[in-house]
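One structure is given here, and the rest of the page talks about it.
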Amino acid sequence: MPMPWFLLSLALGRSPVVLSLERLEGLQDAARCSPGLSCHLWDGDVVCLPGSIVSAPGPVLVPTSLQTELVRRCYQETDCDLCVRVAVHLAVHGHWEKPEDEEKLGRAADPEPEEPRNASLQAQVVLSFQAYPTARCVLLEVQVPAALVQPGQSVGSVVFDCFEAALGTEVQIWSYTQPRYQKELNLTRQLPALPWLSVTADGDNVHLVLDVSEEQSFGLSLYWNQVQGPVKPWWHRNLAWPLEPDSVRTSICPFTEDPRAHRNLWRAARLQLLPPRGWRLDAPCSLHAQATLCWQAPGRGPCQPLVPPLPRENVTVNMALEFPLLKGHPNLCVQQVSSWEKMQLQLQECLWADSLGPLKDDMLLVEARGPQDNRSFCALEPSGCTPLLSRASTRAARLGEQLLQDLHSGQCLQLWDDDLGALWACPMDKYIHQRWVLVWLACLLFAAALFLLFLLKKDHVKAAATGRAALLLYSADDAGFERLVGALASALCQVPLRVAVDLWSRRELSAQGPLAWFHAQRRRTVQEGGLVVLIFSPGAVALCHEWLQDAGPAPGAHGPHDAFAASLSCVLPDFLQGRAPGRYVGAYFDGLLHADAVPALFRAVPVFSLPSQLPAFLGSLQGPRGPRPGRLGERAEQVARALQPALDSCLRTPGTAGMGRGMGPEAGDRT
């Protein structure tokens with residue numbers, strides 16, 4: 001029990017002087033020894049089993065006397081308990097004895113050296129402590145060096161900290177060794193008592209302080225001071241001091257004006273439902289409280305007291321009370337309000353929540369009756385009781401006429417009735433349903449408008465989902481170069497782009513012819529905002545020179561599917577008339593063609609080297625709606641990985657690399 005120890009120390013001695021008790025910090029037990037000894041305290045308590053006395057095989061350690069001292073064990077600055085420190089004094093008992101064989105035969109028969117007689121001793125010392133209702137046993141291991149082992153001599157002591165005990169109790173202490181070589185030591189002490197009483201509170205801690213002269217005997221009890229009825233014995237608790245009759249008895253109720261005590265009492269109180277319409281407030285002692293009914297609307301708003309018209313009544317704890325109601329309702333709750341002027345406390349329970357279901361969205365109508373059968377109605381809302389048929393902007397005012405019609409047609413439930421008025425609960429479900437019908441109609445109209453907008457922009461959305469259009473034009477120099485162009489087209493489809501290339505349209509080329517196929521693809525690409533990609537190679541550059549009449553005819557006849565040769569008749573006018581920017585881009589592959597080999601006429605549009613300039617190339621193809629730079633870089637890496645094997649194969653083909661180097665700057669300068 002926490003106590004201010006500067007007051008406790010006044011009564012610890014036989015003379016009225018102030019004693020200073022040593023202060024120990026923490027809960028951990030400890031042991032220490034005299035100089036020269038070593039000791040160890042076993043973890044936890046042990047079982048007290050003294051056993052029988054056995055003969056000592058030689059010198060052994062035994063306890064010779066016990067001493068006690070009162071100390072303070074403190075857990076916090078002002079939270080201390082009384083503790084008993086025990087000192088065990090030890091001595092060497094017994095001496096070395098010669099074996100019987102040595103005495104009869106002598107030592108000449110044993111050639112081995114004699115074991116030294118002076119050796120260190122070790123003992124297990126048990127301390128047993130009893131102080132009602134506490135009992136403990138601890139085990140101490142003590143070791144004495146050989147230099148201190150002298151039969152019959154004291155070797156020092158071991159000190160144990162400590163056994164907790166209550167004030168005024170009698171403590172008994174035993175000490176012996178394991179195994180036991182002599183009768184155990186026994187010590188009995190009576191701890192001092194402090195019957196002077198004072199109670200103080202510090203935060204959540206309560207301090208009980210006692211002081212009395214040693215001639216007095218006393219008893220101390222804690223109990224509930226019941227205003228109604230006698231003291232209940234199950235709340236009575238004796239604090240273990242001897243109950244001897246005193247000539248004068250005093251009583252202190254320290255928490256009568258303590259707000260914390262009242263708050264704790266309210267936390268222990270409970271409201272109980274007693275069918276059909278009764279209730280009871282269960283509490284350990286009397287409360288200063290008043291009760292009233294309140295109306296709890298769905299949601300987290302406050303429960304609104306029904307005062308008036310219902311009265312507020314004083315509460316008698318642990319007594320059944322009746323509601324003045326005709327019918328129960330899940331929204332009706334009980335409020336307990338403290339009538340103690342120093343603190344406003346409240347307890348609330350909705351007693352019918354389990355039996356009648358969850359809260360309902362009903363409107364509570366309050367009917368007031370006056371002389372000559374004059375009646376008025378108002379609806380209970382969070383803002384107060386709103387008169388029906390008023391011009392207020394609340395829900396009750398807007399539905400005032402409908403609510404009165406429901407009341408007169410018997411659709412409302414009467415909860416309470418007397419000469420001054422009545423309470424009615426009117427369901428609001430149908431009005432909520434009407435409101436939701438309008439909401440659903442609005443949602444359906446909105447969904448229809450969205451669907452129409454979706455249909456109008458279906459083509460645009462579809463195009464955006466599949467990517468921008470790109471038409472690839474190239475010269476089929478050899479099979480390896482066609483595979484390289486096919487790898488580029490496949491990689492661009494994953495970007496994604498909608499790619500058109502003659503490799504994938506051989507049947508259409510055969511049916512329509514290269515020129516008609518190119519015209520159809522070019523018109524569709526331009527109309528959809530796409531780009532025509534001119535892929536330059538040594539063969540393509542030669543065809544451009546042939547059309548521009550800057551070089552002789554290209555060697556070999558054009559194949560039946562060579563769309564590039566057929567397309568130049570339409571491509572060249574676009575460049576010559578300045579219509580190419582925004583419709584065309586150029587590209588060539590690293591190692592297969594030098595940048596200056598591209599004819600000057602075609603440099604009016606961006607020309608990219610692949611794969612070294614893939615990010616810029618992809619950005620140009622995807623346009624302003626393309627992905628962010630980081631994502632564009634990732635796609636460029638994917639396309640580069642797809643192109644590299646086919647490009648390496650072209651570079652390893654005999655004559656291809658040389659052809660690329662042959663189309664150097666001088667070839668481009670001629671155009």
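Since the model is a prediction, treat every value here as computed from it, not as a measurement.
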(request) Report yes if the side chains of Leu399 and Met363 come closer than 4.5 Å at any heavy-atom pair, otherwise no. (result)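 They are not in contact (no side-chain heavy atoms under 4.5 Å apart), so the answer is no.
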
(request) Using only the SG atoms, decide whether Cys294 and Cys333 are less than 2.5 Å apart. (result)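 With an SG-SG separation of 2.5 Å or more, Cys294 and Cys333 do not form a disulfide.
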
(request) May I ask you to decide if Gln296's main-chain N or O and Asn331's side chain share a donor-acceptor pair within less than 3.5 Å? (result) yes

(request) Would you confirm whether Asn318, through its side chain, and Arg280, through its main-chain N or O, come within 3.5 Å as a donor-acceptor pair? (result)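 Judged by distance alone, no pair lies under 3.5 Å.
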
(request) Take Leu380 and Leu306 through the test side chain to side chain contact (heavy atoms under 4.5 Å, CB included) and record every step on the way to the result. (result) CA-CA 9 Å; Leu380 195 63; Leu306 301 181; 3.7 Å; yes

[atom1]/[X] to [atom2]/[Y] distance, rounded to the nearest 0.5 angstrom?
{"X": "Leu82", "Y": "Thr169", "atom1": "CG", "atom2": "OG1", "result": "8.0 Å"}
{"X": "Leu423", "Y": "Cys412", "atom1": "CG", "atom2": "SG", "result": "12.0 Å"}
{"X": "Tyr431", "Y": "Asp361", "atom1": "OH", "atom2": "CG", "result": "12.5 Å"}
{"X": "Asp362", "Y": "Leu413", "atom1": "CG", "atom2": "CG", "result": "8.5 Å"}
{"X": "Leu632", "Y": "Glu637", "atom1": "CG", "atom2": "CD", "result": "10.5 Å"}
{"X": "Leu618", "Y": "Gln638", "atom1": "CG", "atom2": "CD", "result": "10.0 Å"}

(request) Name all residues meeting the ring pair (Phe, Tyr, Trp, His ring centres under 6.0 Å) criterion together with Phe163; count only those two or more places apart in sequence or in a different chain, and write none if there are none. (result)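 Phe163: ring pair (Phe, Tyr, Trp, His ring centres under 6.0 Å) contacts with Phe129, Phe160.
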
(request) Quick one: list whatever passes ring pair (Phe, Tyr, Trp, His ring centres under 6.0 Å) with Phe377, sequence neighbours left out. (result) none

Please find the pair of heavy atoms, one from [X] and one from [Y], that lie closest to each other, and give the distance.
{"X": "Arg468", "Y": "Ser620", "result": "NH1-O, 3.2 Å"}
{"X": "Leu531", "Y": "Tyr584", "result": "CD2-N, 4.1 Å"}
{"X": "Leu359", "Y": "Pro330", "result": "CD2-O, 3.3 Å"}
{"X": "Leu403", "Y": "Ala396", "result": "CD1-O, 4.2 Å"}
{"X": "Pro387", "Y": "Cys385", "result": "CD-O, 3.5 Å"}
{"X": "Ala489", "Y": "Leu472", "result": "CB-CD1, 3.8 Å"}

Output all residues satisfying side chain to side chain contact (heavy atoms under 4.5 Å, CB included) with [X], sequence neighbours left out; order by chain, then residue number.
{"X": "Glu25", "value": "Arg23, Cys74"}
{"X": "Arg523", "value": "Ala520, Gln527"}
{"X": "Gln411", "value": "Asp406, Ser409, Lys430"}
{"X": "Leu321", "value": "Trp279"}

(message) Restricting to salt bridge (charged side-chain N to carboxylate O under 4.0 Å, His left out), what partner residues turn up for Glu528, sequence neighbours left out?
(response)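 Glu528: salt bridge (charged side-chain N to carboxylate O under 4.0 Å, His left out) contacts with Arg498.
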
(request) Tell me, please, which residues at least two apart from Arg136 pass salt bridge (charged side-chain N to carboxylate O under 4.0 Å, His left out). (result) Asp29, Asp45

(request) Step by step, work out the side chain to side chain contact (heavy atoms under 4.5 Å, CB included) result for Gln304 and Leu364. (result) CA-CA 11 Å; Gln304 297 173 278; Leu364 184 69; over 6 Å; no

(request) Could you walk me through whether Leu365 and Leu388 pass the side chain to side chain contact (heavy atoms under 4.5 Å, CB included) test, one step at a time? (result) CA-CA 9 Å; Leu365 300 185; Leu388 298 183; 4.3 Å; yes

Mind checking what makes side-chain hydrogen bond (donor to acceptor under 3.5 Å, both in side chains) contact with [X], not counting sequence neighbours?
{"X": "Glu381", "answer": "Thr386, Thr394"}
{"X": "Arg583", "answer": "none"}
{"X": "Glu367", "answer": "Arg369, Arg375, Trp424"}
{"X": "Glu634", "answer": "Arg631"}

(message) side chain to side chain contact (heavy atoms under 4.5 Å, CB included) for Phe608 and Leu621? Distances and angles first, verdict last.
(response) CA-CA 11 Å; Phe608 303 97; Leu621 291 182; over 6 Å; no

